[in-house]
Amino acid sequence: MSITTQTSASQRIASLLDDSSFVEIGSYVTARSTDFNLQDANTPADGVITGYGTVDGNLVYVYSQDASVFGGAIGEMHAKKIVRVYELAMKMGAPVIGLIDCAGMRLQESTDALESFGQIYHSQVMASGVIPQITAIFGVCGGGMSVVSGLSDFTLMEEKKAKLFVNSPNALDGNYAEKCDTSSAKFQSEETGLVDMTGSEEEILESIRELITILPVNNEDDMSYDECMDNLNRLCDGIEGCVGDTALALTLISDDAYFFETKRDYAKEMVTGFIRLNGMTVGAVANRSEEVDEEGKVVASYDSVLTAAGARKAAQFINFCDAFDIPVLSLTNVTGYKATKCQERAMARAAAKLTYAFANATVPKVNVIIGQALGSAYVTMNSKSLGADIVYAWTDATIGMMDAIAATKIMYADEIKKSSNVVQLINEKAAQYHALQSSAEAAARRGYVDDIIAPAETRKRVIAAFEMLFTKREDRPSKKHGTV
């Protein structure tokens with residue numbers, strides 16, 4: 001069915017789900033408030049269509065807001081229908097998909113509407129980490145409704161007409177929409193990192209279908225496996241040229257070059273997304289120092305450092321993977337933390353969140369050091385000391401406290417001052433330092449790296465590692481929850 005920009009709530013459901021699979025629940029529900037003469041208003045389904053159906057044969061629960069009924073604003077009965085969907089989804093262990101087009105709280109119902117928002121929030125919190133929650137925004141998602149997207153695992157947004165905000169752009173001090181449209185898909189995907197992807201309605205709905213097919217249906221029953229038609233021993237020729245753009249490296253490693261990138265427009269120096277290895281969904285986290293277009297040209301460059309935004313992005317992704325028992329692969333190429341005044345405001349806390357996420361995750365974890373791994377930023381990136389089950393390093397990887405030349409200048413400062421051939425001395429001492437302290441071999445001798453591998457062998461070695469780790473079980477100290 002073709003979709004236009006005026007697609008109705010029911011048409012979106014029909015386009016999302018398998019043909020003729022949707023079963024509506026609560027179609028006769030209407031608003032019951034009589035204040036402000038609401039009894040005279042026509043409120044079919046109270047502005048939200050709810051029910052269940054299948055996506056590629058997988059059971060899902062759906063609610064789709066109808067902007068033609070009070071702008072899709074949430075009232076008492078509207079919210080009860082959404083909460084009912086969550087109750088059923090939790091019982092059945094199936095994902096919930098919300099198709100948002102909502103003017104916010106229904107003012108005519110006031111405190112009832114506020115209570116309704118709270119009930120939806122509570123349902124989402126209880127479902128978090130139990131069933132996947134996907135929110136797609138096609139119209140307005142403002143005020144309290146924006147929290148719904150924030151509580152979801154994945155948020156997608158139509159790129160032209162959708163609006164997402166807590167406070168509208170014109171309500172911000174010194175701002176107006178024409179100056180900076182903080183509600184736009186571009187702002188929410190690039191600046192806040194709340195939105196995982198943007199696109200047309202067709203692209204958004206297709207991405208939701210794709211997510212459903214690659215994600216576990218809940219935190220206990222994993223139906224996300226697929227048959228692998230790719231060669232498990234395939235060599236990744238030329239992957240060493242992808243040290244900068246690790247999105248390309250992950251594509252080369254994955255079955256049939258499959259890669260579903262999340263939050264691709266936010267904190268681009270950190271790549272997160274899902275790949276397939278021997279048919280199994282694997283979460284991938286990787287440092288990125290450059291972005292390459294389809295023609296192989298470098299279109300953007302980034303420092304090989306951890307940023308606060310990149311650390312938060314990766315931490316959130318790892319927490320999702322751990323909750324749903326999705327193994328994690330990391331590609332490490334980092335030289336430190338970004339050093340600016342702005343970054344310093346948030347860096348320690350963000351780095352702590354990433355450190356906590358990797359250390360706390362009990363899923364199988366494999367790290368491949370593909371470039372430089374220097375300082376405590378390297379430790380944060382899924383190092384052996386944080387609990388990585390298997391760590392590989394490419395043959396030319398550098399692992400240590402700092403760059404060998406920088407270390408040499410500090411350690412041999414007095415000799416350098418007295419030397420008649422400074423360049424030769426620095427080069428000789430740096431080579432010695434690299435061999436003893438910062439080469440892949442030096443780390444492997446100490447047990448911090450399990451094996452040194454040729455870059456082309458990355459796919460088969462990583463697949464073998466995850467197969468070995470398939471039945472991994474790891475306990476954590478008994479506690480209510482961590483506080484990081």
Side-chain angles (χ1 to χ4, degrees), residues 1 3 7-30 43-69 72 74-102 116 119-139 141 145 148-149 151-156 201-202 204-224 323-324:
M1 178 185 299
I3 305 174
T7 300
S8 69
S10 59
Q11 287 176 317
R12 288 185 183 121
I13 291 176
S15 300
L16 171 66
L17 302 182
D18 297 339
D19 291 342
S20 303
S21 70
F22 180 63
V23 178
E24 187 172 356
I25 300 172
S27 60
Y28 288 95
V29 172
T30 58
T43 59
D46 205 30
V48 61
I49 300 172
T50 57
Y52 62 92
T54 59
V55 171
D56 197 27
N58 298 295
L59 176 65
V60 297
Y61 288 82
V62 183
Y63 66 90
S64 181
Q65 294 175 315
D66 187 354
S68 68
V69 180
I74 291 183
E76 177 194 13
M77 301 307 292
H78 182 123
K80 284 182 181 298
K81 292 179 67 176
I82 295 175
V83 170
R84 176 59 176 157
V85 162
Y86 268 94
E87 289 174 348
L88 288 170
M90 289 287 281
K91 290 177 181 178
M92 298 306 298
V96 172
I97 303 170
L99 308 180
I100 306 298
D101 192 352
C102 174
S116 300
Q119 291 174 358
I120 294 174
Y121 297 162
H122 185 267
S123 296
Q124 286 190 274
V125 171
M126 293 300 102
S128 182
V130 180
I131 55 174
Q133 301 178 66
I134 302 172
T135 296
I137 303 167
F138 297 102
C141 180
M145 196 64 196
V148 170
S149 64
L151 287 170
S152 300
D153 297 310
F154 300 96
T155 299
L156 302 88
E201 287 205 3
E202 293 92 338
I204 294 300
L205 293 171
E206 183 56 37
S207 293
I208 295 174
R209 289 183 60 86
E210 188 175 350
L211 269 173
I212 293 297
T213 60
I214 64 174
L215 295 178
V217 294
N218 57 56
N219 65 337
E220 293 182 349
D221 299 319
D222 191 351
M223 304 296 289
S224 62
F324 289 94

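For reference, positions follow the sequence shown, starting with 1. Just the heavy atoms: all of them, side chains too, but no hydrogens, waters or symmetry mates, feed the values below.
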Side chain to side chain contact (heavy atoms under 4.5 Å, CB included) evaluation trace for Y63 with K81:
CA-CA 8 Å; Y63 66 90; K81 292 179 67 176; over 6 Å; no
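- Counting heavy atoms from C-beta on, the side chains of I74 and I120 come closer than 4.5 Å.
- The structure places OG of S149 at 8.0 Å from CD1 of I100, a figure rounded to the nearest 0.5 Å.
- D101 and A67 get closest at one heavy-atom pair: OD2-CB, 3.4 Å.
- A 4.5 Å side-chain heavy-atom check between Y61 and I131 finds every atom pair outside the cut-off.
- Contact check for L151 versus Q133: no side-chain heavy atoms found under the 4.5 Å cut-off.
- Contact of the Y52 side chain with the L88 side chain is not registered, since no non-hydrogen atoms from C-beta on lie closer than 4.5 Å.
- In this structure D18 satisfies the salt bridge (Lys or Arg N to Asp or Glu O under 4.0 Å) test together with R209, sequence neighbours excluded.
- The side chain to side chain donor-acceptor pair (under 3.5 Å) test applied to E87 returns no partner, not counting sequence neighbours.
- When all heavy atoms are compared, the tightest approach of Q65 to C102 is OE1-CB, 3.1 Å.
- Each of I97, T54, D56 was scored for a side chain to side chain contact (heavy atoms under 4.5 Å, CB included) with I212, with one residue passing: I97.
- Under the 3.5 Å distance criterion, the side-chain polar atoms of S21 are left unmatched by any main-chain donor or acceptor of G53.
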